Trainee: 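There's a structure below that I have some questions on.
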Amino acid sequence: MIRELQWNDMNDLIENYYSYYEEVKRDQEFGIIFFHDKPSFESEVEWFSNLYRNTMKGDAFVRVAVEDGKVVGICDIHRIRPGSEVSHNGVLGIAIREGYRDRGIGKALILGALDAARGKLEIVTLSVFTTNKRANSLYRNLGFIDYGMRPKSIKRGNRYFDELYMYILL
Ligand SMILES: CC(C)(COP(=O)(O)OP(=O)(O)OC[C@H]1O[C@@H](n2cnc3c(N)ncnc32)[C@H](O)[C@@H]1OP(=O)(O)O)[C@@H](O)C(=O)NCCC(=O)NCCS
């Protein structure tokens, strides 16, 4: 089930996020940008509170996927610098928990979040590791267009990853 964000989604989302810190230990190419130190539970609560508040203000457009009674994925689009000359732009982020990928959930989440943002934002951008073939192909199939690449943008241990930038007009 794809639905809007709810206040009681917090614990599932924090648990999912922490699981990505475990996953990257096994998969060095895992396509999410991490902080060097895993954020504390307290800072995660703050992150969630801000996300929830921004959805209420119309500055964030969020869809979550629920399966087995748990939130297993999230796609959020954040308005850039609300109240400014760039606030017609949004930035998209997405992550789905291991075990639930490659079943169309990502596609459904992105379509849901784009639908929620339509009429409120005009342009949505995202960035993706060039090595993240699944995400690259999903975004392109949904109509995102490449507009640039930042070489060696991500430094993970002694390895660098290039970051590809894409946009879609709503
Ligand atoms: C990237 C991610 C959001 C995609 O969500 P998902 O639910 O797995 O994706 P979907 O099942 O909706 O679609 C995946 C598509 O990629 C395709 N795909 C899968 N592996 C692929 C590969 N190695 N190369 C090319 N395409 C691939 C699938 O066939 C599918 O295409 P289709 O819709 O034409 O059948 C999800 O896998 C994820 O969270 N990954 C880990 C975190 C991450 O990388 N986040 C993105 C940060 S930019």
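Read the numbers this way: they start at 1 and go in the same order the structure lists the ligands and their atoms. Predicted, not measured: the structure shown is a model, and the values here were computed from it.
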Trainee: With salt bridge (Lys or Arg N to Asp or Glu O under 4.0 Å) as the criterion, how do Asp68 and Arg97 come out once you've worked through the C-alpha distance, each side chain's angles and the decisive distance to 0.1 Å?
Mentor: CA-CA 13 Å; Asp68 306 326; Arg97 189 146 180 173; over 6 Å; no
Trainee: Please lay out, stage by stage, how Phe48 and Ser43 fare under the test side-chain contact (heavy atoms from CB on, under 4.5 Å).
Mentor: CA-CA 9 Å; Phe48 181 83; Ser43 65; over 6 Å; no
Trainee: Please tabulate protein-ligand N/O pairs under 3.5 Å for ligand 1, atom names and distances to 0.1 Å.
Mentor:
residue: ligand 1; atom: 7 (O); partner: Gly106; partner atom: N; Å: 2.7
residue: ligand 1; atom: 8 (O); partner: Asp102; partner atom: N; Å: 2.8
residue: ligand 1; atom: 11 (O); partner: Arg103; partner atom: N; Å: 3.1
residue: ligand 1; atom: 11 (O); partner: Gly104; partner atom: N; Å: 2.7
residue: ligand 1; atom: 12 (O); partner: Gly106; partner atom: N; Å: 3.4
residue: ligand 1; atom: 12 (O); partner: Lys107; partner atom: N; Å: 2.9
residue: ligand 1; atom: 26 (N); partner: Ser137; partner atom: OG; Å: 3.2
residue: ligand 1; atom: 37 (O); partner: Arg134; partner atom: NE; Å: 3.1
residue: ligand 1; atom: 39 (O); partner: Ile96; partner atom: N; Å: 2.7
residue: ligand 1; atom: 44 (O); partner: Asn132; partner atom: ND2; Å: 2.8
residue: ligand 1; atom: 45 (N); partner: Ile94; partner atom: O; Å: 3.1

Trainee: In plain terms, say whether Arg53 and Asp59 are close enough for a salt bridge, that is, a side-chain N and a carboxylate O under 4.0 Å apart.
Mentor: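 Result for this pair is no, no salt bridge flagged.
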Trainee: side-chain contact (heavy atoms from CB on, under 4.5 Å) with Leu92: which of Ile168, Val124, Asp76, Leu109?
Mentor: Val124
Trainee: Could you check if a side-chain atom of Thr125 sits within less than 4.5 angstrom of a side-chain atom of Tyr165, using non-hydrogen atoms only?
Mentor: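 Heavy-atom side-chain distance check fails, nothing below 4.5 Å.
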Trainee: Going by side-chain contact (heavy atoms from CB on, under 4.5 Å), Phe61 matches just one of Asn54, Leu121, Asp115, Thr55. Which one?
Mentor: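 Among Asn54, Leu121, Asp115, Thr55, the one meeting side-chain contact (heavy atoms from CB on, under 4.5 Å) with Phe61 is Leu121.
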